[in-house]
Number of protein chains: 2
Amino acid sequence: MACREAASLEAALAQVAELCTARGVRLTAQRRRVLELVWRSDKPMGAYDILAAIQAEQPKAAPPTVYRALDFLLAQGLIHKLQSLHAYVGCAHPGQPHAGQFLICTACGEVTELADPGVEHSLGKVAAASGFVADAPMVELSGTCCGCRVDDE
Amino acid sequence: MACREAASLEAALAQVAELCTARGVRLTAQRRRVLELVWRSDKPMGAYDILAAIQAEQPKAAPPTVYRALDFLLAQGLIHKLQSLHAYVGCAHPGQPHAGQFLICTACGEVTELADPGVEHSLGKVAAASGFVADAPMVELSGTCCGCRVDDE
DNA sequence: GCTGTTATGTAATAACATAACGTTTTCCCC
DNA sequence: GGGGAAAACGTTATGTTATTACATAACAGC
């Protein structure tokens, strides 16, 4: 969801507002601001990056301010947490909560979210084979993206 | 690698010592101690758990003591880090570095390491399709293991 | 035994996250 | 539109995980 233009960002936020209304949850100003920051960023943002950005306009903000908003957005499936980076990215397919696969380029920092049926199927199979019920698959691939590999030469 | 008996633990450590010699790296006393702690534990250990255990015999140990040993062991493919738990487990297949898939039971804390070809294949395919070269796949499934699901009733 | 490399000691701090508790805002029912 | 419950937020403090920086020690090869 990185690098949105202002127009589509506004549209997406409006959609999210509707979604929240439909669900009976509140997209408060703070939550909206955090979501917007994460979406605008072309890189994953750490919680304290977000905090710093928020403090620019709201100096009284503290860590819980940010973490509460992040918890809400995670629960609503609007952002994802990248465990390997301790950072947050906007979800490419907001809507129902879901798990994706993330390609994380260690050269440029770009993150791509996928939702590959093949991967999901094989994960389901392997869990089933062990009698395991997975409720939170986490798939993060660190490596080098196409563009950065070419640049390497 | 959890719950080894003393005998097989010793044997495994001896094997690791050989492996390190062959690679021209040093399995120092500290590194060995950390590896042994991780292997003995039937649950993933946090860095500060390890630190506490080490401080029992070596009060001067500090965080870098542990993190340096962990870095070494990770680099040698002898342990894995579970990013979703900020904790470390022994590797089920020491030898060349590799990535596995981890089933993490949130009820009992047990962790199972797999190396499923199906999962690896589908991950490879999805990365290739994006022109992405992955060097550190991380797959962790949180959920409920077979035993704990039964106990639930 | 000198020297460069690798490992460790040591102190401080950075970075990430939560606990606890009181106050404010919002919602909803009457 | 007033009152009460629930949700969100402010505030302070602290917990947890990880790293930086620099000094010292151990080791390997010459």
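Computed over heavy atoms, backbone and side chain alike; hydrogens, waters and symmetry mates excluded. To find a chain, count down the sequence lines: A is the first, B the second, and so on, and within it residues start at 1.
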(Q) So that I can tick it off, tell me whether A:Arg40 and A:Glu10 are bridged by a salt bridge, with the cut-off set at under 4.0 angstrom between side-chain N and carboxylate O. (A)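 Looking at A:Arg40 together with A:Glu10, the answer is no, because their closest N to O distance does not fall below 4.0 Å.
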Q: Apply the test side chain to side chain contact (heavy atoms under 4.5 Å, CB included) to residues A:Thr28 and A:Phe72: give CA-CA distance (whole Å), side-chain angles for both, the deciding distance (0.1 Å), then the verdict.
A: CA-CA 10 Å; A:Thr28 63; A:Phe72 172 86; over 6 Å; no
Q | side-chain hydrogen bond (donor to acceptor under 3.5 Å, both in side chains), paired with B:Gln101, selected from B:Glu113, B:Glu140, B:Glu120 | A |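 It is B:Glu120; the other options fail the test.
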In whole angstrom, give the distance that lies between atom [atom1] of [X] and atom [atom2] of [N].
| X | N | atom1 | atom2 | result |
| --- | --- | --- | --- | --- |
| A:Asp71 | C:dC16 | CG | P | 16 Å |
| B:Leu73 | C:dA7 | CG | C1' | 14 Å |
| B:Leu74 | D:dA18 | CG | P | 11 Å |
| B:Arg33 | C:dA7 | CZ | C1' | 13 Å |

(Q) At less than 3.5 Å, do the side-chain atoms of A:Tyr48 and the base atoms of C:dA14 form a donor-acceptor pair? (A)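 Not at all, since no donor on one side and acceptor on the other fall under 3.5 Å apart.
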Q: Classify the side chain of A:Tyr67 versus the base of C:dA19 as yes if they form a donor-acceptor pair under 3.5 Å and no if they do not.
A: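 Looking at the base of C:dA19, it does not pair with any donor or acceptor on the side chain of A:Tyr67 (distance under 3.5 Å).
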Q. Through what angle, rounded to 10 degrees, does the axis of the helix from C:dG1-D:dC30 to C:dC30-D:dG1 turn between its ends, using five pairs per end?
A.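 Its terminal axes enclose an angle near 30°.
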(Q) Do B:Arg68 and B:Gln30 pair up side chain to side chain, a donor and an acceptor below 3.5 Å, judged on atom types alone? (A)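 Note: B:Arg68 and B:Gln30 side chains miss the donor-acceptor criterion.
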Q) Can a donor-acceptor pair be found between the side chains of A:Arg33 and A:Gln58 at a distance below 3.5 Å? A)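 Note: A:Arg33 and A:Gln58 side chains meet the donor-acceptor criterion.
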Q: Could you list by number each residue of residues 81-88 of chain A showing a heavy-atom separation from DNA chain C of less than 4.0 Å, or answer none if no residue does?
A: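 Heavy-atom cutoff 4.0 Å gives A:Lys81, A:His86, A:Tyr88.
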Q: Evaluate the side chain to side chain contact (heavy atoms under 4.5 Å, CB included) criterion for residues B:Leu114 and B:Val119: first the C-alpha distance (whole Å), next the side-chain angles of each, then the deciding distance (0.1 Å), finally the verdict.
A: CA-CA 10 Å; B:Leu114 305 173; B:Val119 171; over 6 Å; no
Q | Same apolar cluster: A:Phe132 and A:Met138, side chain cutoff 4.5 Å | A |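 Different clusters: A:Phe132 never reaches A:Met138 through Ile, Leu, Val, Met, Phe, Trp or Tyr contacts under 4.5 Å.
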Would you list the protein and nucleotides 5-12 of chain D atom pairs, both N or O, that sit under 3.5 Å from each other?
residue: D:dA8; atom: OP1; partner: A:Arg31; partner atom: NH1; Å: 3.0
residue: D:dA8; atom: OP1; partner: A:Arg31; partner atom: NH2; Å: 3.3
residue: D:dA8; atom: O5'; partner: A:Arg31; partner atom: NH2; Å: 3.2
residue: D:dC9; atom: OP1; partner: A:Thr28; partner atom: OG1; Å: 2.7
residue: D:dC9; atom: O3'; partner: A:Gln30; partner atom: NE2; Å: 3.2
residue: D:dG10; atom: OP1; partner: A:Gln58; partner atom: NE2; Å: 3.3
residue: D:dG10; atom: OP2; partner: A:Gln30; partner atom: NE2; Å: 2.9
residue: D:dG10; atom: N7; partner: A:Arg68; partner atom: NH1; Å: 2.8
residue: D:dG10; atom: O6; partner: A:Arg68; partner atom: NH2; Å: 2.5

(Q) Between A:Leu123 and A:Val139, does the side chain to side chain contact (heavy atoms under 4.5 Å, CB included) criterion hold? Intermediate values first, please. (A) CA-CA 10 Å; A:Leu123 288 176; A:Val139 179; 3.7 Å; yes
